[in-house]
Each structure stands twice: as structure tokens, then as C-alpha cells.
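Computed from heavy atoms alone, side chains included, the values below leave out hydrogens, waters and symmetry copies.
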Amino acid sequence: MEGSSTDDQSTTTENTSTVVAPVTTPQLIGSGGSMVLDMEGGLEAESRKLPSSKFKGVVPQPNGRWGAQIYEKHQRVWLGTFNEEHEAAKAYDTAVQRFRGRDAVTNFKQLSLDNEEASLEASFLNSHSKAEIVDMLRKHTYNDEFEQSKRSCSLKTSPFSDGFRSGHQLVNAREQLFEKTVTPSDVGKLNRLVIPKQHAEKHFPLQSGSTSKGVLLHFEDVGMKVWRFRYSYWNSSQSYVLTKGWSRFVKEKNLKAGDIVSFQRSTGPDKQLYIDFKTKAASGTANLIPVGLAQPVQMFRLFGVDIFSASNGKRSNIELELLGLGNCKKQRMIDPL
């Protein structure tokens, strides 16, 4: 009996070992690997354990937050993680209007373009690429940049006393901060712009504790497009730099070594920062002497005689030799007058 019992146990052990399948770790995807993808069915296994969202493009997260996503050409585009469900739904609505237009199905009813707010937001979305809109949503800066765009547009209808017109566009009054001639490394593969230390500490001072992490600086160009650069201090080179976002600016503006980048700030209470540039060719014309301006003529006298006037307005060989400009190899004898 004992032998039979042992055989039964052995058989049970063998059967059990054949049933157990190898354990595989699901692939983590999404924002910070918070979503789990079912390797067999391609379904979000984690979402099956959580209550589904009533909004389109919104998925629950294990930590109690809500994620937003959209699909583009059968590829999932992650829009970020939000504390509230309706915030994720609004993020999806923003993205879907940029990806598929105003006629796309949204979670919340959209206002007609006759509404000024809706018209401004539509213009704002069309003025930015899909990647830029997604980046704003992920970093939760979309609302801030949209508000900045609205303030810029409101300048067009403000009185002339609030600014000055450049062409047909009203430009907010601003002060010049500094200019920087970009070097080959500034427009090269390092993807950073070095800010001179004296200007960085004066105009863009970093708070204690944020030197290594850096901050986001928002600039506006002449086309009222908002540029966001990460500004930080590099201990390794002991320099202040603009990093993330700078390479995109270099590419779009086609900056070359020798071009000049200019930084300004609004004189109003908002203290808006502005960025502009001029090419090396345009900035090099300042050193040219205007045509038609005569150079001052120096008078030379030899034994009391004005040599220049004596030669009827033409510089003689004698004068050129006295000036060290003569090409004569032999010295000439000057007869006393």
C-alpha cells in the first residue's frame, strides 16, 4: 500500500508539473509603465480589474488617477495622466480636434466657431503641430499656453498707447535684455544654447534648489508662436544653458553659426519673454561705410608747401612714399623747392 501511495503521489506530481505554464511578465506601456498589456489578447489587463471610464479615450490607472490616449494610424499616443476623470476627457477632446478636426466626436459638446473663445482655440490648435499639442497635454501646460496666446491676440485690438505697431501688427512694448552670437556648438549636435553668465544671473536667475533640475522658460517670437525651453545650470561646465526645445528652434529658424539671437522682455506687468534672431548677413551690414560719404583728407606739407594741393588734388608719388604707400624699390631724391 505504501508503494502504491508513493506511485500515486509521483503521478500527481508529474501531472501538476505538466499543467503549470511558464510565467511571463506582461509588458508595461503608457505613462511610466502604469498600464499592463495582455500579451495574448492585446487587451489592457489592468483596466479589466478597474471600473471603466464613461468617457472616450480615458482609461483608469491602478493608482486611482486617469490616463488619456488617442490612436493615430493604429498606434496609441499617450496624452498623459490626470487626477480627475473629466480632466483626462478634456485632454482627449483637445487632441482629437487637432488630430481629426472640429467634426470629430468629443466627450463634451464643443462651442460653435462663432464663439470667440472657440475660434481662438481652433486657431491655436492649427498653429501648432500634433507633437507640440501632445507635449503640452503631457506636461499640463496647454491651458497656460492657450491663455498666453489669447493675451497676444488681444493686443491687436488694444489702443496704440499700450504698444507700438510694426507693419500691421501691434507689438507689446518691450525692453532689450541681451543678444548672443551663436557658436557652431550652439547650433550643433549638443542641442543647447549657452547663455553668458552675466546675462543669465541678471535676467534669468534660478531659485535655490532648481539649478540642477531646471525650469521651463516661455518665449514668444515675432509670429506670436510660443517656444518653451528648459533652462538649467550645468555643474560640469559651470554654464547656464537652454536645452530641451532649443534644437527645434534652431531647425525651424535655420540658424547658422554667426547668427544673432536676441532676447527681450515686456515692460508690462506680465513680463512676457520674447525671442528673435537675425542672420549673420543681415547683421554684418552695419559695418559698411555708406556710399557718398567722403573720407577726410589729410594735408601734408614739405618745406612749407602743400604737396596735395600742388599736385592738383592727386596724390603724388612723393606723398605716397612719405605715407609709406609707395611701391618704389629705389629711394628717390627730393629736390629742394
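- Checked against the 6.0 Å centroid criterion, the rings of Phe124 and Tyr142 qualify as a close aromatic pair.
- Counting only distance, with no hydrogens or angles, the side chain of Tyr231 and the backbone of Phe204 share a donor-acceptor pair below 3.5 Å.
- Legend: residues meeting side-chain contact (heavy atoms from CB on, under 4.5 Å) with Val250, ordered by chain and number and at least two apart, are Val187, Trp246, Leu255.
- By the rule that hydrophobic residues join a cluster once side-chain heavy atoms approach within less than 4.5 Å of another member, Leu242 and Leu273 end up as members of one cluster.
- Of the candidates Tyr274, Phe263, Trp227, Phe263 is the only one forming a ring-ring contact (aromatic ring centres under 6.0 Å, His included) with Phe219.
- Between Lys54 and Glu85 no salt bridge is recorded (no basic side-chain N to carboxylate O distance below 4.0 Å).
- For the pair Gln264/Asp276, a side-chain contact is recorded, criterion being any heavy-atom separation below 4.5 Å from C-beta on.
- Transitive grouping of hydrophobic side chains (ILVMFWY, heavy atoms separated by less than 4.5 Å) brings Val182 and Tyr240 into a common cluster.
- When only modelled atom types and interatomic distance are considered, Gln61 and Thr81 share no side-chain donor-acceptor pair under 3.5 Å.
- Phe249 and Leu190 are assigned to two separate hydrophobic clusters, defined by single-linkage of ILVMFWY side chains at heavy-atom distances under 4.5 Å.
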Review point. Given the rule in the side chain to side chain contact (heavy atoms under 4.5 Å, CB included) test, do His203 and Phe178 qualify, once you have shown the distances and angles that lead to the verdict?
Key: CA-CA 9 Å; His203 303 296; Phe178 64 94; 3.7 Å; yes
Check your understanding: For Val241 and Ser232, what are the C-alpha separation, side-chain angles and deciding distance, and is it a side chain to side chain contact (heavy atoms under 4.5 Å, CB included)?
Key -> CA-CA 6 Å; Val241 291; Ser232 58; 4.0 Å; yes
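- Put simply, the side chain of Glu132 gets close to the backbone of Ser129: a donor and an acceptor are under 3.5 Å apart.
- Closest approach of Tyr92 and Arg100 over heavy atoms only: OH-NH1, 3.9 Å.
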Review point. Do Val77 and Leu79 pass the side chain to side chain contact (heavy atoms under 4.5 Å, CB included) test, and can you show the C-alpha distance, the side-chain angles, and the key distance before you say yes or no?
Key: CA-CA 6 Å; Val77 180; Leu79 304 176; 4.3 Å; yes
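- Between Phe229 atom CZ and Lys244 atom NZ the span is 13.0 Å, to the nearest 0.5 Å.
- For NZ of Lys56, the number of neighbouring non-hydrogen atoms (other residues, nucleotides, ligands) closer than 6.0 Å is 12 at most.
- Contacts of His140 classified as ring pair (Phe, Tyr, Trp, His ring centres under 6.0 Å), with partners at least two apart in sequence or in another chain: Phe82.
- Looking only at distances, a side-chain donor or acceptor of Lys180 sits under 3.5 Å from a matching main-chain atom of Val194.
- Between Ser262 atom OG and Leu177 atom CG the span is 8.0 Å, to the nearest 0.5 Å.
- At least one side-chain heavy atom of Phe99 sits under 4.5 Å from a side-chain heavy atom of Glu72.
- The distance from atom CZ of Arg248 to atom CD of Glu252, rounded to the nearest 0.5 Å, is 9.0 Å.
- A 6.0 Å sphere centred on NZ of Lys130 holds more than 12 heavy atoms belonging to other residues, nucleotides or ligands.
- Using a 4.5 Å heavy-atom threshold, the side chains of Gln176 and Arg265 count as separate.
- Ser119 places no side-chain N or O within 3.5 Å of a backbone atom of Asn115 that could act as its donor or acceptor partner.
- Under the 3.5 Å distance criterion, the side-chain polar atoms of Glu116 are left unmatched by any main-chain donor or acceptor of Asp114.
- The pair Asp259-Lys253 does not meet the salt-bridge criterion, since no charged nitrogen lies less than 4.0 angstrom from a carboxylate oxygen.
- In this structure, Gly258 and Thr181 approach most closely via the heavy-atom pair O-CG2, 3.6 Å.
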Review point. Passes side chain to side chain contact (heavy atoms under 4.5 Å, CB included), Arg102 versus Leu113? Steps please.
Key: CA-CA 9 Å; Arg102 289 279 303 178; Leu113 288 178; 3.7 Å; yes
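- Of the possible donor and acceptor atoms, none in the side chain of Thr243 sits under 3.5 Å from a partner among the backbone N and O of Arg192.
- Here Arg65 does not pair with Glu84 in a salt bridge; the nearest charged N to carboxylate O distance is not below 4.0 Å.
- Gln97 contributes a side-chain N or O that, together with a main-chain N or O of Asp93, makes up a donor-acceptor pair within less than 3.5 Å.
- Remark: the Asp186 side chain and the Thr183 side chain contain an N/O donor-acceptor pair separated by less than 3.5 Å.
- Looking only at atom types and distance, the side chain of Thr267 has no donor-acceptor partner in the side chain of Glu175 under 3.5 Å away.
- Taking His218 as the reference, Glu145, Leu216, Val226, Arg228 meet the side-chain contact (heavy atoms from CB on, under 4.5 Å) condition, with sequence neighbours excluded.
- More than 12 heavy atoms of other residues, nucleotides or ligands sit less than 6.0 Å from atom NZ of Lys271.
- In this structure, Phe55 and Trp66 have side chains that are not in contact, with every pair of non-hydrogen atoms separated by 4.5 Å or more.
- Using modelled atom types, one side-chain atom of Arg98 and one backbone atom of His128 make a donor-acceptor pair closer than 3.5 Å.
- In this structure the side chain of Gln272 reaches within 4.5 angstrom of the side chain of Glu220, judged on heavy atoms.
- When the shell of 6.0 Å around CD of Glu201 is examined, it contains more than 12 heavy atoms from other residues, nucleotides or ligands.
- Taking 4.5 Å as the limit, some side-chain heavy atom of Ile133 sits within range of a side-chain heavy atom of Thr94.
- Atom CG of Leu137 and atom CD1 of Ile70 lie 10.0 Å apart (nearest 0.5 Å).
- Heavy-atom neighbours of Asn83 CG from other residues, nucleotides or ligands within 6.0 Å: above the threshold of 12.
- The line from NZ of Lys225 to OG of Ser127 is 8.0 Å long, rounded to the nearest 0.5 Å.
- In terms of modelled atom types and a separation under 3.5 Å, the side chain of Arg138 and the main chain of Trp78 share a donor-acceptor contact.
- The two atoms that bring Ala88 and Ala68 nearest to each other are O-CB, 3.5 Å, heavy atoms only.
- Taking each heavy atom of Ser237 and Ser239 in turn, the nearest pair found is OG-OG, 2.7 Å.
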